[in-house]
Structures are given as C-alpha cells and as structure tokens.
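Each ligand, and each atom within it, is numbered from 1 in the order the structure gives. The model shown is predicted, which means the values in this text are computed figures rather than measured ones.
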Amino acid sequence: MESAVSSAREPELAVVAGSLSHQRMVEIYRLMYLSRRVDDREILLKRQQKIFFQISAAGHEALQVAAALALKPGYDWFFPYYRDRALCLALGVTPAEMMLQAVGAAADPASGGRQMPTHWSSRPLHIVSTSSSTTTQLLHAVGCAEAGRYFSHHPEAAEKDSRDYRAFHDVEFHGDEVVFTSLGEGSTSQGEFWEALNTASNQKLPVIFCVEDNGYAISVPVEVNTPGGNISKLVANFPNFHFAEVDGTDPEACLRAFEAAAGHCRAGLGPAFVHGHVVRPYSHAFSDDDKLYRCATERDADALRDPLAKMQMRLLREGVLTESEINALEQSLDLLAAEAAERALEAPLPTVESITDHVYSGDLDPTSHDFASEQIQEQSQGSSLAGGGLAGSAKGSGPRTMADLINACLHDEMRHDPRIVVYGEDVADASRTQALSEVEGKGGVFKLTAGLQTEFGSERVFNSPLAEANIVGRAIGYATRGMKPVVEIQFFDYIWPAMHQIRNELALMRWRSNGAWASPAVLRVPIGGYLTGGSIYHSQSGESIFTHIPGLRVVFPSNALDANGLLRTAIRCDDPVLFLEHKRLYRETYGRAPYPGPEFAIPFGKARIVRPGTDITLVTYGALVPRAMQAAQKAQLQGIDVEILDLRTLNPYDWEAIATSVRKTSRVIVAHEDMLSWGYGAEIAARIADELFDSLDSPVRRIGSMDTFVAYQPVLEDAILPQPETILRAIIDLKAY
Ligand SMILES: Cc1ncc(C[n+]2csc(CCOP(=O)(O)OP(=O)(O)O)c2C)c(N)n1
Ligand SMILES: [Mg+2]
C-alpha cells in the first residue's frame, strides 16, 4: 500500500559497544513516543466514536522497540500479539497504516477492515496475521521456524510449480533467520504456550518467545495465572533455551537481551525466552478501568516505572537532547499521529460486495476442471504400490483398499512435491532411526502413513508430541511459509484440543488478512463408528461442526478410488482441507479399486451417482453409502427404484446433482451416520424444502444416529447407529406417503 506517512523506522544504526549511542537513544525514544501518541490519538477517536475498539502498548514500549531493533524486518519473521504497536512501528508499519485499521478502511493493509486495530499483518515486513486469541500464534511461530529450516536444507523445494498451490506461494528464507513471537504473562497459562516451548526446545528452533509481563491479565494478577508469580522460574528447565529476565521498561537492558537472544538463535543453538517486566498505565483496554481492581499505591508505583518518562529523563540527564529539542521532536510526532488519523478518517470504506472475498482461494478452484482426471489410468511403471507403501496387501495388481490408495496417494504426492511434510501421532515408521533398519515400522495406528518415513526421511515424516493443537498450530506456520503440511489427527474423537486452531486460525488466515496470507494445510482424520467395540471415544462423527466453519473444505470419501483422487486434490489445492477417512471403510471389500496412477484427481463439489433410480433420491456419504446400497437392493425387490448420491465432499457440496435428482424422483432422504439433530442433513433438507418445494411429492426425510454417543456394547452400538434396515424402512415409508 502507498502510505501517506513514511515508515517510522530509520535506517540501521550502529551500536556503540557497551553503551547506546546518542543517535540510538533518540531513535528509541522517537519510536516509543510515537507509539504512545498513536495510542492516544486512537483513544481520542474512540471517545469520539470514530473508531470501535482500542487497546494500547502503553508501558510496553521499551521492550517492544528493543525487540524490533535487534531483529530484521523482511528477513526474520514475526508473530506478535495485540499489544505490539511499538514493535510493529519499529519494524516499519506506519502510523497511517495503523489508523487505517482503526477506522476499518478498505485500504487497511493488515485486514481490509476485517480485524480490530492492532491485529497486525504485513507481508513485506514478515508480520504474519494474528488473531485475538491469546497464545495460538506461538505454535504458528514454531511451524514457521521449522519451515525456514526445511527450506534452507532443501532449497529446491522453494521452486514454484504451476500445476498446484505452489504457483501462488513465493518462498523466502535465510539460513540464520529468527522467528519472534510475543504474549502476555497471563497467556502463559494456555496449554499452547507449553506445547510451543516443547517443540521449540526439542528441535532447537530459532524462535524468540517474548513474555510481556505487565502483572495482569485484564483484572487477574500474575500469581493467579502463574504459580509463584514468575514464569521465568517455571520454564527454566527447558533444554536448549537461552533465558533472559529483564526490566522491560529499560530499553538498553532489553536491547542487550534481544541481541543475545537473536545471537543464540542465529547460531543454531536453540530458542530464546525473553521475559520483560513492564507496566500497564492505560488499564487493559479502553473498555477496562483498573481502578476497579488495583489499589492506588500499586498504580502509583507503576507510574514511576513508565518507560516513556524514564527515557525522557535519561535523554535530559545524559545531555542527549535539550528540553527544547525534546519538545520539537515530540511536536513533530504528535503531528504525524494526528495527520495519520485525519487521513484515515477520509479513507474509503470496504464495500459490502467484498465481504466474501478471500474466504477461499480466488486463484485455485478445487471444484474446477483442472482437478478432473477421473478416468482410471493403467497402473504406471514404478507405481507407489510397487515400492514402499503398505506391506503385503498393497503389493501386486488388482483391487486395493481405501487404506492402500490413501497411502499410495501420499507416496505419489510426496515424490511430486518436496514441500509436503507429514507428521502426527505415531505416523512415522520409527522415531529412533537406528531402529528403522531392524523393524517393519509403525506408520500410523491404521498404517496409512506406512513407509513414508522410510522413503522420504525423518525431516519430512515424523512423530509429533501427543498434542493436537501442536499438530494443527505448527501446520499453520508451515503453510504460511508456502509448505504443504499433510498432518494426521489420530482419531476424530481427539480433534477437539485442536479446535481453537482450526476454527479461529486455520480457516480464517486468508479472510482475516484480506488475502495476504493463507494456511492451506491438509488434516487427515480417521472418523466414524460401526467398529464393534469402538465405543464413545473411537466412534464419533461430527462433520457438521466443521462444515459450519467458513474457509475450511470438508471431504468425506466412501471408497478407495474417491479417497485417492480427493486426497490428491486436497493436497494440490490452496485451501485448508479437513479430510475425513472412515475407519470402517479403510479395509472393506466394498469400494476397492485398482491403483489409478499418480495424476488421478477428483474435483471437490462433484457428487457421484452410485446407483441410478427413479422413485426416491437418497443423498448420503461415508459409511452410509454401502449401507444405502444394501437397502436400495432390498427396496428394488419391492419395486422401489432408489437413486443414491454420494456427496463425496461436504463443503463444497454438489447442489446441482441433488436438485437434478430430486426434480426427477420428487422424493428424497438425506442419510448420515452423525447424530440426527442439528446434523449435516438438516442443512441439505432445509435447502431442498426451500428451493425444490414445487418438485416434492412428500416431505424431506432425514436419517441419522440417535442423539447420543456410540456405546461399547454391540447391541447398543447397532441400535444407536443407522443400519441398512433403518434406511430400508424410511424408503418404504416415504414411497407410501
Ligand atoms: C483464548 C482467549 N481467551 C480469552 C481471551 C480474552 N482476553 C483478551 S486479553 C486477555 C488477558 C490477557 O492477558 P495477558 O496475557 O497478561 O496479556 P496483556 O493483555 O496483559 O498484555 C483475555 C482474557 C482471548 N482473547 N483469547
Ligand atoms: Mg498481562
């Protein structure tokens, strides 16, 4: 964006060893003061109701400016949190750009009017879009650092490829880059804080974690969040870290701390943890009043530590600037902030028509013909199944299971695309590589990733910690750097710890950054019941919870060939995909198919007519497809001709196919394994009733499981889940209506 006011950051300044040069001190004060004045200007606008939210960096400026000055914007990477105005100013975000976000202007370069002020994003400066969610950004930082390391080990992976998502992702990397991420001390209570430290420590990643400790999380004092009241003491035993605990109101101490931290990271020694004690003179946010929960003596003591006042005193005391020089500098910065606000208030607003821009990729449409190569190809030479892949069952020609063809697709795509990494719980053949030569290998609890580590190495295929948010959060970091993480959540039943990352981060990255960033990761997730003994925690469905998330593609194949072709599209497209694999179908006789070759792809949003018919349309997917087939065959004996549509992808879904079939049959059942109430079928049924009312000869019928969880005892499981007989009864009923 052309900004009206130029960057606040001056060219690199030399640091006099041991002490700050006068020039450096003035620069630090300039940035700290400007940050405070932009906050003050925003507070004024908020009082005038010209902006709609305000949260400030007041009291944190010294720590933040020091961090920025120790690092390199556009070279290093940044995952800040909402208080980091001084950091971002010092990195090069302009006051004008900040004000454009505050008013919600179309030209707001961070989000186009979609995010609150101080929700940072800048591609040129390498500031990756962050959310309001405390702590999620730390795992993105970890994935980002892993991606940077990967590209520096495999520079060839940075090459573009016009055939897939790679065409739209420029890759930049430097061998000694550092990733910076920050959070408040209260946010260290989040599990994802510990999950991020875990991986950064274990993998010696060049991540600087900066805790800006102002002693409060809104109204909650530090000792409530942190046992003992000091986070540095709790994290001190993580291996490979460089630790620093500093007075965060002293810019010189902070600068030294960040320089040492960056040095540790750039040297490849591991991550760093900088804990700065700061103050919070402006309450938590505009809407908060800390007089309600802090006593006066405490607030007065804080006021004495205000970094801005302290730095001003230092400039005077050390003869760096005279009082009149300070006044002149401050006036020029006041003007800068005021001008930025005035211009922003005149800026055009986003159009209502633009609201749906960037929910999904506008560049690469996974429903397009480019992804249609559905004709089965002859088994090609050197096919995936000949080498690597599943042992035994996968070898030789002939029909293959869904498990085989998913595994084959992973092998093919990893050969085709060096940007793919595969990780998750137990997905490696063996974490201890010395064991690999002696053992067959695990390759996933369902063996879907078998042989991948053996063929592609431990840098591309590895086990994650047992932490689902860690898996998805890191995938987001990888994907924002242009890589393609294809990760596994071991069971759908355990996806919930990652829900925050999926709903608030993965699916939102493109929309909230107005198209600047994207995180097109693939999450492979075994789902569903009919396992006989799977019980509550290995049988859950729940796909409608995910189809209710804009920005996320949801795929649910019912047979081997579809799984192969749809997984290829999921990997090659540029949107995040939840790829649901029904565990019961992995090795079924139903739906086996020959290996279709390494280029076989199926577009999203195209249903398959599994069985043509004239009397009733049965819309379904997943494990209900074979059960619907059984029911339809029995119905045929009674003279009822059922047409079965397998949706194959749930978001997007093939409305045209549904409408065409319903217009022909005039009767429709929507059937799924998931619970009936508020399920996926409710949406489809409502739309049919709404748009196809005139074509219907009977009500729209739904089939789903009972509104309960799946029990262990098979008698109960059978009663809870829909069976072929349940479907047959509904068919007969509806025909008679
Ligand atoms: C996951 C999550 N839970 C709750 C909130 C609401 N919230 C916003 S800021 C905040 C307090 C954060 O305190 P701290 O981490 O100390 O940072 P500070 O604001 O003090 O800099 C809370 C609870 C949120 N944004 N995200
Ligand atoms: Mg705090």
Side-chain angles (χ1 to χ4, degrees), residues 35-36 39 53-64 67 79-88 115-120 129-141 180-197 209-227 229-232 234-235 245-249 254 273-290 292-294 298-299 302 305-307 468-470 472-473 476 496-506 508 512:
S35 175
R36 187 72 65 93
D39 272 324
F53 178 78
Q54 211 287 325
I55 194 160
S56 86
H60 293 225
E61 293 99 338
L63 184 69
Q64 294 180 10
F79 293 80
Y81 85 122
Y82 50 78
R83 246 187 234 300
D84 286 343
R85 183 190 302 289
L87 173 96
C88 290
Q115 291 235 71
M116 289 171 154
T118 70
H119 285 55
W120 313 106
S129 168
T130 49
S131 72
S132 302
S133 307
T134 58
T135 326
T136 44
Q137 72 277 12
L138 270 61
L139 286 163
H140 308 169
F180 172 91
T181 187
S182 53
L183 73 165
E185 88 297 332
S187 304
T188 63
S189 288
Q190 294 280 356
E192 287 165 61
F193 168 75
W194 300 95
E195 293 184 19
L197 262 55
F209 296 89
C210 172
V211 175
E212 304 184 19
D213 185 347
N214 57 21
Y216 278 86
I218 308 186
S219 68
V220 182
V222 59
E223 68 277 11
V224 176
N225 268 300
T226 307
N230 186 325
I231 191 65
S232 281
L234 299 189
V235 300
E245 186 176 358
V246 287
D247 176 356
T249 65
C254 295
F273 189 89
V274 178
H275 177 194
H277 292 276
V278 296
V279 290
R280 201 192 64 176
Y282 284 8
S283 296
H284 171 73
F286 184 85
S287 52
D288 177 46
D289 178 5
D290 69 356
L292 295 175
Y293 52 86
R294 295 182 80 182
E298 190 184 300
R299 288 190 295 109
D302 249 24
R305 291 184 61 226
D306 188 317
E468 287 73 15
N470 174 294
V472 177
I476 293 166
W496 313 116
M499 193 60 178
H500 197 187
Q501 288 284 355
I502 295 171
R503 163 104 204 181
N504 277 351
E505 305 292 343
L506 180 77
L508 262 161
R512 76 175 185 224

- [ ] Using a 4.0 Å heavy-atom threshold (strictly under), name the region of H500 that reaches ligand 1: side chain, backbone, both or neither.
- [x] side chain
Task: Closest protein heavy atom to atom 5 (C) of ligand 1, given as residue, atom name and distance to 0.1 Å - done: T134 CG2, 4.5 Å
- [ ] Using only heavy-atom distances, determine whether the side chains of Q501 and N470 contain a donor-acceptor pair under 3.5 Å.
- [x] no
TODO: Grab the two heavy atoms, one from H60 and one from N214, that are nearest each other, plus how far apart they are.
DONE: NE2-ND2, 3.2 Å
TODO: May I ask which of H60, R83, E212 has a heavy atom nearer to atom 18 (P) of ligand 1 than the others do?
DONE: R83
Task: Smallest separation among heavy atoms of R36 and Y282, with atom names - done: CD-OH, 3.5 Å
- [ ] Could you pull out, from S56, S132, A217, S131, the option with a heavy atom nearest to atom 25 (N) of ligand 1?
- [x] S132
Open item on the list: Determine whether a donor-acceptor pair (N or O, by modelled atom type, separation under 3.5 Å) exists between the side chain of E185 and the backbone of D213.
Closed with: no
Task: Selected option - heavy-atom contact closest to atom 14 (P) of ligand 1, from S133, S219, G186, A285 - done: G186
Task: Taking every non-hydrogen atom, the tightest pair across D39 and A58 - done: OD2-N, 3.8 Å
TODO: Look at S187 and state whether any of its N, O or S atoms is less than 2.8 Å from the Mg ion (ligand 2).
DONE: no
Open item on the list: Please determine whether any non-hydrogen atom of R280 lies less than 4.0 Å from an atom of ligand 1.
Closed with: no
TODO: Provide the closest heavy-atom pair for F53 versus P117 in the form atom of the first, atom of the second, distance.
DONE: O-CG, 3.4 Å
Task: Ion pair R280/E212, N-O distance below 4.0 Å - done: no
Task: Main-chain N/O of H284 paired to R83 side chain as donor or acceptor, under 3.5 Å - done: yes
Open item on the list: Checking E61 against S35 for the side-chain hydrogen bond (donor to acceptor under 3.5 Å, both in side chains) test, could you report, in this order, the C-alpha distance in whole Å, the side-chain angles of both residues, the deciding distance, and whether it holds?
Closed with: CA-CA 7 Å; E61 293 99 338; S35 175; 4.7 Å; no
Task: Under 3.5 Å side-chain donor-acceptor pair for S131 and N504 - done: no
Task: Residue and atom name of the nearest protein heavy atom (relative to atom 15 (O) of ligand 1), distance in Å to one decimal - done: S187 OG, 2.5 Å
Open item on the list: Report the atom name of the nearest N/O/S atom of E185 relative to the Mg ion (ligand 2).
Closed with: OE1
Open item on the list: Less than 4.0 Å is my threshold; does some heavy atom of N214 fall inside it relative to ligand 1?
Closed with: yes
TODO: For G184, counting its heavy atoms only, list the atoms of ligand 1 lying under 4.0 Å from any of them.
DONE: 14 (P), 15 (O), 16 (O), 17 (O)
Open item on the list: Checking a contact table here: which protein heavy atom is nearest atom 11 (C) of ligand 1, and how many Å away?
Closed with: I218 CG1, 3.7 Å
- [ ] Identify, for atom 20 (O) of ligand 1, the protein heavy atom at the shortest distance, and state residue, atom and that distance.
- [x] Y216 O, 2.8 Å
Task: Top protein contact for atom 12 (C) of ligand 1, by heavy-atom distance - done: Y82 OH, 3.2 Å
Task: Presence of N, O or S from E212 under 2.8 Å of the Mg ion (ligand 2) - done: no
